[in-house]
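Report on the following structure.
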Amino acid sequence: MRQLVPFPAAQAGTTPRRSLRWRPHVSPVVAGSVLAILAVLGQTYFDVYPPAAYGFCTACHGRDLIDATANAIFGTHLAVAGASAIFPLLTVLGVLAGSVLAAGIAGEWRWQRSRVPLRDVAWGFITITCALTVSGCMVRLVLRAAYVDPSVFPGLGGAMLGALLATMLLRGWARR
């Protein structure tokens with residue numbers, strides 16, 4: 001269903017344009033459900049067993065995309081999951097392109113420079129290292145928990161503890 005929404009004024013103090021912009025209205029629940037179904041269908045169609053719950057994992061797919069690219073370009077023999085050996089996993093690039101597209105449609109796209117870029121890179125490195133240590137990102141951890149994989153529960157507990165500590169830390173910074 002299409003809904004036309006008035007386009008906001010380009011600058012403050014200018015007269016708003018009368019042009020209309022189409023904005024798709026898809027709830028996060030519907031989008032997540034469609035992605036989950038596509039991930040399960042892809043895993044089943046390409047017969048990707050093991051690893052279980054590999055249908056959509058941003059940490060593992062990013063690692064495998066980099067490793068498969070290095071294998072193809074430099075002739076290395078880095079380990080990749082079975083799905084990556086069949087076709088390149090572009091889910092991370094798809095998430096990035098989709099988020100840029102969604103931000104552009106919503107009128108929220110802007111470049112923002114980091115005040116401390118080295119710190120941000122370090123936090124990103126720590127986050128992806130922890131994700132790969134517990135065998136995947138939060139999406140994969142939850143999917144593996146649905147498979148009742150007992151090895152995933154310490155990782156989920158650590159992720160919940162980390163989220164709680166990060167929330168407390170951010171609240172403390174906001175109160176200053």
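A70 and L78 get closest at one heavy-atom pair: CB-CD1, 4.0 Å. Minimum heavy-atom separation, L156 to A145: CD1-CB, 3.8 Å. Taking every heavy atom of both residues into account, A79 and D64 meet most closely at O-OD1, 4.2 Å.
From T91, atom OG1 reaches atom CG of L38 across 12.5 Å, with rounding to the nearest 0.5 Å. A distance of 12.0 Å separates OG1 in T58 from CG in L89, rounded to the nearest 0.5 Å. Here CG of L96 is found 11.0 Å from CG of L101. Values are rounded to the nearest 0.5 Å. Distance check, rounded to the nearest 0.5 Å: CG of L169 to CG of L164 gives 11.5 Å.
Residues passing the salt bridge (Lys or Arg N to Asp or Glu O under 4.0 Å) test with D120: none are found, sequence neighbours excluded.
Atom CG of L118 sits in a sparse spot, with 12 or fewer heavy atoms from other residues, nucleotides or ligands closer than 6.0 Å. Annotation: W123, atom CH2; neighbour count of heavy atoms from other residues, nucleotides and ligands within 6.0 Å does not exceed 12.
Residue V148 is found outside any hydrophobic cluster, as its side-chain heavy atoms come under 4.5 Å of no other Ile, Leu, Val, Met, Phe, Trp or Tyr.
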Assess whether side-chain contact (heavy atoms from CB on, under 4.5 Å) is satisfied between L65 and H61, documenting all intermediate values.
CA-CA 6 Å; L65 179 61; H61 287 194; over 6 Å; no

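Applying the salt bridge (Lys or Arg N to Asp or Glu O under 4.0 Å) rule to pairs touching residues 149-168 yields R144-D149, sequence neighbours excluded.
Both F153 and M160 belong to a single network of hydrophobic side chains, linked directly or stepwise wherever heavy atoms of I, L, V, M, F, W or Y lie under 4.5 Å apart.
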